[in-house]
There are 2 protein chains.
Amino acid sequence: MKSDQITIVDIANELNISKSTVSRALTGHANVKAETRQKILELAEKLDYQRNMQSLSLITNKTNTIGIVLPEFSTSFFPQVVVGAQEEASKHGYSVLISQCNESYATEVANAKVMLANRVDGVMVSLTKETLNYDHWKVFIRKKIPIVFFNRVCNEIMVPKVVVNDYDAAFHAVEHLISLGRRRIAHLAGPRQLSISQKRLNGYCDALTKHGIPIDQDLIIDSDLSLNKIKMFVKFLVELENPIDGIFAVNDPTAIEAMQIIKKMNKRIPEDIAVVGFSDNYGSSFAEPSLTTVAQPVREIGKTAMELLLGLIGKDMEEWKPIIRTMEAKLMVRDSTVRSGA
Amino acid sequence: MKSDQITIVDIANELNISKSTVSRALTGHANVKAETRQKILELAEKLDYQRNMQSLSLITNKTNTIGIVLPEFSTSFFPQVVVGAQEEASKHGYSVLISQCNESYATEVANAKVMLANRVDGVMVSLTKETLNYDHWKVFIRKKIPIVFFNRVCNEIMVPKVVVNDYDAAFHAVEHLISLGRRRIAHLAGPRQLSISQKRLNGYCDALTKHGIPIDQDLIIDSDLSLNKIKMFVKFLVELENPIDGIFAVNDPTAIEAMQIIKKMNKRIPEDIAVVGFSDNYGSSFAEPSLTTVAQPVREIGKTAMELLLGLIGKDMEEWKPIIRTMEAKLMVRDSTVRSGA
DNA sequence: CTGTTAGCGCCTTCAG
DNA sequence: CTGAAGGCGCTAACAG
């Protein structure tokens, strides 16, 4: 059944005037006799008239819709980014089409197609952990549809990006562990293809080096952000001849999973092993012990990325400067490294 | 700058054939000479041609877009529902327009307008805690745009709904506390206008009554789902002359907040006070102690609501049965009520 | 101030 | 099998 949508023609017929007058009254772009305008507006209101954006976008070649493509929805990070982004978008009259990829590259490609089909005016993208090929995003460039990457960005495409100071934050996190006297600090690293993993790893290495601690490759464990193998990794690290006394994990879920295992192995946190995570996800503050982690300004990230994106729309491509906006992430010291007085 | 979108005309000109032929080849609805079709398809592929859905929807009066309106994005519940819903939608060729309301009624009304303006083919809605008036949703009915409510549903509108067995789950949760010998069980209730709050409250009351425990109004605290006043409430309950030995909270964040306060007051959980939450949000399993709670099949809820909604599209309104689909929520017993062996 | 006309991109008749 | 013509809802010229 087709739904009952009121059109300008309906209003024009009802009032016995021309469609153009109705259109003018509704848009306010031109002059209409006050009395006529009044009548039109009233009837429109009464009939819940809604301008058909589809036909409008046919004319303006704009949809006033922004696509947001995200790798996952299982932690609080991306939903919170969406909140910030959406707030900014709606402030400027844009709607938001959201797709979540379940960390699957194939889904990301499919979602890119959906965005194209929906003629979004721009896309805000964070890549899945599997993504190594960026052709599906290059199509957007070719079609002059602006992109802004955030968090998990693509270095091959020269567009604005929003990131946090991952390197510095990781560096400080590890220095924090060192300042507590830790010397055998392991890193549960993320997938190498993600620049955030790389930067956090670099921060880890450089902090160790700065403080004269040799980098032990055995203590750098590549995980894929899934939690299945963490148990094995942590067991290995704890049972080393020269066991670890600190862990810096690439994200909070990994850190928390590690903590659970450490506790089961009857080691104390932070006394035996201090643990630091990354992101300050929902739940990290009430884990036991509460997790020291790097807090990212989530909503700000979304807002900033959306601001940059909206700024690109309507500009010539030559003006798309590949700005990299770096937001401040800050270490939150909690009980997993320093016990607060009970 | 208008973006470079390829149209059927571009392809027709390039190949020196008529637009209608190109259209036919692209849709596959009619006969085109194999050779011509081949040429058209190849060129379309090469140019990244994407059918303009806007113009299509002008003709079909369908957008193949579903709106999802959510009260909040700050716990893991709604994002997970979205995952299930989106999976189902994309399986049927629908995109998803998502709006989150920050628990604000005004935003909900605005978001409803956005959905209308975008001519969504249907909406999946969960109400904010403030919503008492449903006129903005009744407009959809008047326009014959199908709605499915889920979780926080609206009883005034006769459309399909997806809920969990809140009453039973609450009843069992409280019986669980009673079976542990608790007799002074408090309920941190949600806003009364939400049917879920009401049902959970009823479950609480009936469980007590069944076991001959009088209902003490002092032990029923109305909260508004924000966490600000929880401290005061819990302090009150713990310092009562006849203090509590159990808490059933309307949701997990409330329960966890209560636990933090109880711990600060140097009461033991579960020995002194056992705590039960509702929803099994992300983080509840690694809180200390891990929280006994009612797990809801989140993705299933999203999937089911979307299925019902898609089933409504294209049907006459008379066929919209106000089915209420009740999903199974189940009690997850954890350390906040029964300590597992360390 | 208002009506008429054309056209956005596409699909669906209707004629060949 | 293919081309031409009309129209979806709306706006932007162009005339009055």
Side-chain angles (χ1 to χ4, degrees), chain A residues 1-41 43-44 47-65 116-121 143 145, chain B residues 1-41 43-44 47-65 116-121 143 145:
Chain A
M1 245 291 317
K2 108 186 229 323
S3 52
D4 281 2
Q5 297 284 8
I6 308 297
T7 74
I8 283 194
V9 178
D10 296 329
I11 298 181
N13 287 345
E14 183 74 22
L15 260 32
N16 228 329
I17 52 183
S18 79
K19 312 151 218 182
S20 18
T21 304
V22 177
S23 172
R24 278 190 273 261
L26 257 18
T27 56
H29 285 348
N31 294 329
V32 181
K33 187 163 59 168
E35 185 200 350
T36 323
R37 144 174 283 120
Q38 176 74 5
K39 271 200 301 190
I40 293 170
L41 261 30
L43 187 58
L47 299 176
D48 293 311
Y49 168 78
Q50 285 283 342
R51 191 206 249 81
N52 184 327
M53 302 306 274
Q54 268 65 42
S55 60
L56 221 196
S57 73
L58 210 51
I59 298 168
T60 58
N61 208 29
K62 279 203 57 184
T63 54
N64 273 47
T65 302
L116 243 24
N118 281 86
R119 288 294 199 275
V120 292
D121 292 336
K143 289 179 184 274
I145 301 170
Chain B
M1 242 292 319
K2 103 186 232 321
S3 54
D4 282 1
Q5 296 285 8
I6 307 297
T7 74
I8 283 193
V9 178
D10 296 329
I11 297 180
N13 287 345
E14 183 75 22
L15 261 31
N16 230 326
I17 53 181
S18 79
K19 313 152 219 182
S20 12
T21 304
V22 176
S23 172
R24 279 190 272 257
L26 257 19
T27 54
H29 285 348
N31 295 329
V32 181
K33 189 163 56 165
E35 186 198 352
T36 322
R37 147 174 279 124
Q38 176 74 4
K39 272 199 301 191
I40 293 169
L41 260 31
L43 187 60
L47 300 176
D48 291 311
Y49 168 78
Q50 285 281 345
R51 189 205 250 82
N52 184 327
M53 301 306 274
Q54 268 65 41
S55 60
L56 221 195
S57 74
L58 210 51
I59 298 169
T60 58
N61 207 27
K62 280 204 55 183
T63 54
N64 272 50
T65 302
L116 242 24
N118 282 86
R119 289 290 201 277
V120 293
D121 293 335
K143 289 179 183 277
I145 300 170

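Every heavy atom of this structure was used, including side-chain atoms; hydrogens, water molecules and symmetry mates were not. Throughout, a chain's letter reflects where its sequence line sits, starting with A, and its residues are numbered from 1.
Scanning atom types as modelled, one donor and one acceptor separated by under 3.5 angstrom connect the side chain of A:Ser20 and the base of C:dT4. In terms of polar N and O atoms assigned as donor or acceptor, the side chain of B:Arg119 never comes within less than 3.5 Å of the base of D:dG9 in a complementary pairing.
Put simply, NZ on A:Lys33 is 8 Å from C1' on C:dC1, counting in whole angstrom units. As a whole-Å value, the separation of A:Arg24 CZ from D:dG16 P is 15 Å. The distance between atom NZ of B:Lys143 and atom P of D:dG9, rounded to the nearest whole Å, is 13 Å. We find that NZ of A:Lys62 is positioned 15 Å from P of D:dT11, with the value rounded to whole Å. Atoms CD1 (A:Ile6) and P (D:dC8) sit 16 Å apart, rounded to a whole Å. The distance between atom CG of B:Asn61 and atom P of C:dG9, rounded to the nearest whole Å, is 20 Å.
Between A:Arg51 and D:dT11, a side-chain N or O to OP1/OP2 separation shorter than 4.0 Å is present. OP1 or OP2 of D:dG9 has not a single side-chain nitrogen or oxygen of A:Tyr49 nearer than 4.0 Å. Checking the phosphate oxygens (OP1, OP2) of D:dC10, no side-chain nitrogen or oxygen of A:Ser23 falls inside 4.0 Å.
Judged purely by distance below 3.5 Å, without hydrogens or angles, the side chains of B:Ser57 and B:Thr60 never pair a donor atom with an acceptor atom. Residues A:Ser23 and A:Ser20 bring no donor and acceptor atom of their side chains to less than 3.5 Å of each other.
At least one side-chain heavy atom of A:Arg51 sits under 4.5 Å from a side-chain heavy atom of A:Leu56. Inter-residue side-chain proximity for B:Tyr49 and B:Asp10 is flagged as unmet; no heavy-atom pair is nearer than 4.5 Å. No side-chain heavy atom of B:Asn52 sits under 4.5 Å from any side-chain heavy atom of B:Thr7. Side-chain contact check for B:Asp48 versus B:Ile6: every heavy-atom pair is 4.5 Å or farther apart.
For A:Asp121 (side chain) and A:Thr63 (main-chain N/O), a donor-acceptor pair under 3.5 Å exists by modelled atom type.
Every residue two or more places apart in sequence or in another chain was checked for a side-chain hydrogen bond (donor to acceptor under 3.5 Å, both in side chains) with A:Lys39, and none qualifies. For B:Asn13, there are no side-chain hydrogen bond (donor to acceptor under 3.5 Å, both in side chains) partners at least two apart in sequence or on another chain. B:Lys19 meets the side-chain hydrogen bond (donor to acceptor under 3.5 Å, both in side chains) test with no other residue; sequence neighbours excluded.
Rounded to 10 degrees, the angle separating the terminal axes of the helix from C:dC1-D:dG16 to C:dG16-D:dC1 is 50°, with each axis obtained from five end pairs.
For DNA chain D, the residues of residues 52-60 of chain B within the heavy-atom distance limit of 4.0 Å (strictly under) are B:Leu58, B:Ile59, sorted by number. Heavy-atom distances under 4.0 Å link DNA chain C to no residue of residues 9-19 of chain B.
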- Task: Please assess A:Gln54 against B:Arg119 for the test side-chain contact (heavy atoms from CB on, under 4.5 Å), listing each intermediate value before the final yes or no.
- Result: CA-CA 8 Å; A:Gln54 268 65 42; B:Arg119 289 290 201 277; 3.5 Å; yes

